[in-house]
Amino acid sequence: MLSINLQEEQLTTLFENNPQRDIFHHDNQEEYLDAIGKVTLAVKRFLDNNKKPFSGVTPAELRPLFAKVNFDTPLADYDTLLDEVESLYTNHAVAFHHPEYIAHLNCPLVIPAIAAEVMISSINSSLDTWDQSAGGTLMEQKLIEWTCKEIGFGDLSDGIFTSGGTQSNLMGLLLARDHYAFKLLNHNIKQDGLPAEASRFRIFVSEMAHFSIQKNASLLGLGEKAVVKIKTDRSFRMNSVLLEDAIKQEIALGNIPIAIVGTAGTTDFGNIDPLQEIGRLSTKYDLWFHVDAAYGCGLLLTNKSRRLINGIELAHSVTVDYHKSFFQPVSSGAFLIKDKKFFGLITHHADYLNPKDHDHDGLPNQVNKSIQTTRRFDALKLWFTLRMMGKEKLGGYFETIIHTAAQIAAMLQADPAFELMNESDISALVFRYNPRDGKADLCAMNQFIKKSMFNGGEALVAGTKINKQFYLKFTLLNPLTTIDHVKNIFNIIKQHGNEYLQFNKTTTEFWRN
């Protein structure tokens with residue numbers, strides 16, 4: 001008893017000397033508001049200081065600063081903490097909001113979604129069960145219902161928010177695999193593991209499909225060999241004639257087709273596979289049809305361009321990434337299915353969390369539909385956005401980037417110094433600088449251009465390989481990017497290209513002499 005009393009006295013003394021002002025609690029509102037206010041000012045400094053998309057810092061320059069960090073010694077106050085974070089992070093963070101950032105599929109953010117992040121993190125609901133997020137559960141379900149309706153799914157549809165496209169694609173293939181095994185082999189993979197026939201399962205995708213399809217096939221125990229890549233047409237869309245030929249060939253080889261993945265917005269080209277024709281083939285051969293619309297889901301918001309994804313309603317499941325095309329912070333994705341019964345293939349019950357009697361009581365436990373357990377209330381960001389801005393305004397932003405991308409494509413075609421590879425359904429353009437002097441190594445020159453632009457940080461573009469040749473890539477997701485911004489990027493590209501040519505010319509002359 002003396003020992004217990006002594007411990008209590010020590011704890012009381014500790015708490016008196018170190019008030020617990022850092023715990024989020026109604027008694028600590030002043031501390032909370034002070035911290036949030038200072039972080040907000042730090043974000044403002046980030047915006048004020050970003051005159052270009054990137055600082056150009058190298059790992060060798062930045063890494064030594066981390067050697068001085070000692071996690072065992074707390075800093076004195078938030079001002080000191082933010083000084084440290086600015087030197088290590090925000091001064092060098094890539095500014096996706098900058099109009100001359102047109103590299104990867106990173107969108108600028110809408111302010112309502114950023115405001116929601118403060119509430120999400122502070123209240124910290126977990127969306128796995130009703131008893132952890134009552135109102136949040138219904139808000140997420142309402143947004144899923146809305147998205148399913150926009151896709152064209154009926155009353156039996158359902159879905160779940162996910163971390164993004166890779167997870168959503170994993171869920172699509174997971175349900176395709178388990179549904180096929182249960183329906184046609186009378187085998188329950190959830191209970192009994194993979195059947196012997198699984199080594200012959202085949203999934204058909206465009207050769208331009210996202211790499212996560214192969215990765216997920218591996219994770220699902222099917223192996224990358226299960227993924228059959230279909231050649232694209234001249235517009236880099238899946239060739240449906242070759243798709244049907246491949247299905248027939250795999251059947252003739254004794255393999256078992258189980259799914260087709262159509263892409264609504266390829267990462268490199270922003271083009272959309274012929275969804276209606278793929279849907280017809282999936283019905284003809286009784287295959288699961290999954291649409292990866294992580295990029296192209298923004299078309300759901302539009303009036304003029306919505307027709308580009310006609311056929312998406314034929315899918316059994318769909319991937320959407322709100323954090324790509326709805327201008328939401330990472331992470332915010334969703335996985336949607338036409339018939340909610342398929343979620344039963346992955347539902348597990350835990351007595352402490354979502355016992356079966358909850359189903360009888362009608363309690364909507366979202367964990368029944370997710371491969372995650374603890375899960376952020378990311379849906380609140382989209383709720384804030386739609387309620388403050390509406391679908392039409394978001395759709396207008398997406399239409400703007402499509403229109404600007406079409407203008408850029410025309411400019412690239414008209415400029416003899418550039419070689420354009422594609423016209424995009426959405427906003428991704430693959431091209432290279434080609435001054436056509438007959439001497440330049442085009443791959444090496446364009447790699448030099450990309451690297452020089454990244455090191456300089458004044459404008460950022462991406463790169464990719466097509467037929468083993470290196471190309472530059474624009475991915476436009478910012479409605480604030482104008483033609484004047486793009487003209488400046490063209491000039492920067494030409495400047496670095498000419499630097500490469502001059503360096504090679506000087507080097508050649510040196511060795512000749």
Side-chain angles (χ1 to χ4, degrees), residues 144-160 165 168-180 183-184 202-206 208-210 213 216 227-228 230 232-233 235-248 250-251 257-266 270-303 305-321 325 333-343 345 425-426:
I144 290 294
E145 179 185 333
W146 174 81
T147 309
C148 286
K149 182 179 179 181
E150 294 298 323
I151 289 171
F153 284 169
D155 293 339
L156 295 177
S157 60
D158 202 355
I160 193 79
S168 296
N169 287 340
L170 173 63
M171 293 184 72
L173 297 184
L174 171 62
L175 294 185
R177 182 197 68 179
D178 288 17
H179 167 66
Y180 186 93
K183 178 182 177 182
L184 297 177
R202 292 295 181 266
I203 300 160
F204 301 87
V205 302
S206 157
M208 294 298 164
H210 194 260
I213 304 303
N216 290 332
V227 178
V228 179
I230 308 301
T232 57
D233 60 22
S235 298
F236 303 101
R237 302 178 183 92
M238 184 191 288
N239 187 314
S240 59
V241 173
L242 296 181
L243 169 62
E244 183 164 21
D245 289 345
I247 293 171
K248 291 177 179 178
E250 292 299 325
I251 293 172
I258 65 168
I260 310 172
V261 179
T263 305
T266 54
N271 283 339
I272 298 166
D273 289 338
L275 302 181
Q276 291 177 308
E277 184 61 19
I278 295 173
R280 184 189 68 80
L281 291 173
S282 74
T283 300
K284 180 178 179 179
Y285 292 95
D286 196 20
L287 307 179
W288 186 281
F289 179 24
H290 176 73
V291 174
D292 178 3
Y295 181 7
C297 61
L299 293 165
L300 296 172
L301 299 165
T302 68
N303 294 319
S305 302
R306 172 60 175 80
R307 58 179 175 76
L308 294 172
I309 50 172
N310 286 348
I312 193 171
E313 72 282 355
L314 302 175
H316 293 85
S317 58
V318 174
T319 287
V320 301
D321 265 10
S325 300
F335 172 71
L336 299 313
I337 56 173
K338 180 178 290 185
D339 191 333
K340 65 181 70 177
K341 70 181 181 185
F342 294 119
F343 276 130
L345 294 166
D425 289 331
I426 309 177

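No experiment lies behind these values; they were computed from the predicted model shown.
- For D233, the side chain to side chain contact (heavy atoms under 4.5 Å, CB included) partners two or more places apart in sequence, or in a different chain, are S235, R237.
- Looking at heavy atoms from C-beta onward, F236 lies out of side-chain contact with T266 at the 4.5 angstrom threshold.
- L300 is listed as a side-chain neighbour of I309, based on a closest heavy-atom distance under 4.5 Å.
- Counting only heavy atoms from C-beta outward, the side chains of D273 and I278 approach each other to under 4.5 Å.
- The shortest side-chain heavy-atom distance between I203 and I260 does not fall under the 4.5 Å cut-off.
- In this structure F343 satisfies the ring-ring contact (aromatic ring centres under 6.0 Å, His included) test with no other residue, sequence neighbours excluded.
- For the pair I213 and L173, the minimum side-chain heavy-atom distance is below 4.5 Å.
- With 3.5 Å as the limit, one finds no donor-acceptor pair spanning the side chains of S282 and W288.
- For the atom pair R202 CZ and L287 CG, the distance stands at 13.5 Å (nearest 0.5 Å).
- With sequence neighbours left out, A293 forms a side chain to side chain contact (heavy atoms under 4.5 Å, CB included) with A264, V291, C297, I312, V318.
- With sequence neighbours excluded, no residue forms a salt bridge (Lys or Arg N to Asp or Glu O under 4.0 Å) with R306.
- Looking only at atom types and distance, the side chain of N169 has a donor-acceptor partner in the side chain of H290 under 3.5 Å away.
- For residues 239-248, every residue pair satisfying the salt bridge (charged side-chain N to carboxylate O under 4.0 Å, His left out) rule, not counting sequence neighbours, is listed here: E244-K284.
- Between L336 and T147 there is a side-chain heavy-atom pair separated by less than 4.5 Å.
- Judged as a side chain to side chain contact (heavy atoms under 4.5 Å, CB included), and not counting sequence neighbours, the contacts of L170 are N216, L220, I371.
- Note that CG of D321 and OG of S168 are 6.5 Å apart. Values are rounded to the nearest 0.5 Å.
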